[in-house]
Amino acid sequence: MSAVISLSGAGKLFGGRRVLENVSAEIGASEFVSILGPSGCGKSTLLRLIAGLVPFEEGHIRFNGADVTAPSADMGFVFQTSNLLPWLNVRDNLLLGVDLDPAAKRPDAAALADLVETLGLTGFEDSHPHQLSGGMRHRVAIGQALARGPQVLLMDEPFGALDALTRDRLNMELLRIWQRDRKTVVLVTHSIAEAVLLSDRVLVMSERPGTIVEDVRIDLPRPRDPSVTRENPAFGDYVVRLSKLMGVA
Ligand SMILES: Nc1ncnc2c1ncn2[C@@H]1O[C@H](COP(=O)(O)OP(=O)(O)O)[C@@H](O)[C@H]1O
Ligand SMILES: [Mg+2]
């Protein structure tokens, strides 16, 4: 496995308070990896470190072999709360990141139509955020991260605040996008079931100061569908195993 993202002994302190300690992991091309851990253990911080959004004191984080020192257009970030601008329509919201970055290449009309279709938003290009459902707004937020054609998609609990049904639907959309484009995905979540459903591997973090205590490979058949995969006894076994690791079983 050639590592796209490689962490070795990464550590982070905020004002003398230790948040992350000795975090090491390798994430390969096209892998779907979830980071699972209790609230406050440093998951969001870790993802921001990988994205080059937050500096850190200890260890190394490398992206395609080079030390991460600043954000890269090859990594798209989906934040915990979506950053849609209410006065912009779907098309302009999708292009927001591209338009704000002078170095970014604007997708042509065909590429944009393709993205809109991938997101299931065809026909809503001229709609404004208040005219969309919660699930659609989340899909626009994912689209913002995809618009620049990144190699890696970093997602911080993107479906946290949604009802179970919408969450299932978006998980399926995400799997569909991932299966189609084969991007490397790093998803932060505190949902054990979501991590098992989506991932090739689940990295389990300890309480703060966060470190990776377990690296669990999820050998469930793909393509996955939430309602079918959840019926698989192996799915239940993974959930139980991860619950024990998380101390919630
Ligand atoms: N910018 C910051 N300044 C100071 N402390 C921070 C900052 N960001 C996060 N923290 C602290 O780091 C710890 C981990 O936060 P976070 O990474 O958001 O955890 P998680 O995403 O796992 O819930 C928390 O104690 C939080 O208060
Ligand atoms: Mg967080």
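Note that ligands are numbered from 1 as they come in the structure, with each ligand's atoms numbered from 1 the same way. Residue numbers run from 1 in the order of the sequence given.
- For ligand 1, the 4.0 Å heavy-atom shell takes in Phe14, Arg17, Val19, Pro38, Ser39, Gly40, Cys41, Gly42, Lys43, Ser44, Thr45, Arg208, ordered by chain and residue number.
- Side-chain contact check for Thr229 and Asn232: no donor-acceptor pair (N or O, by modelled atom type) lies under 3.5 Å.
- Counted by atom type alone, Gln151 and Asn64 present one or more donor-acceptor pairs between their side chains at under 3.5 Å.
- Under the ring pair (Phe, Tyr, Trp, His ring centres under 6.0 Å) criterion, the residue pairs touching residues 168-207 are Phe32-Trp178, with sequence neighbours excluded.
- Counting backbone and side-chain atoms alike, Thr45 contributes no N/O/S atom closer than 2.8 Å to the Mg ion (ligand 2).
- Judged by distance alone, the side chains of Asp156 and Ser44 do bring a donor and an acceptor atom under 3.5 Å apart.
- With sequence neighbours excluded, no residue forms a side chain to side chain donor-acceptor pair (under 3.5 Å) with Ser206.
- Under the ring pair (Phe, Tyr, Trp, His ring centres under 6.0 Å) criterion, the residue pairs touching residues 68-112 are Phe77-Phe79, with sequence neighbours excluded.
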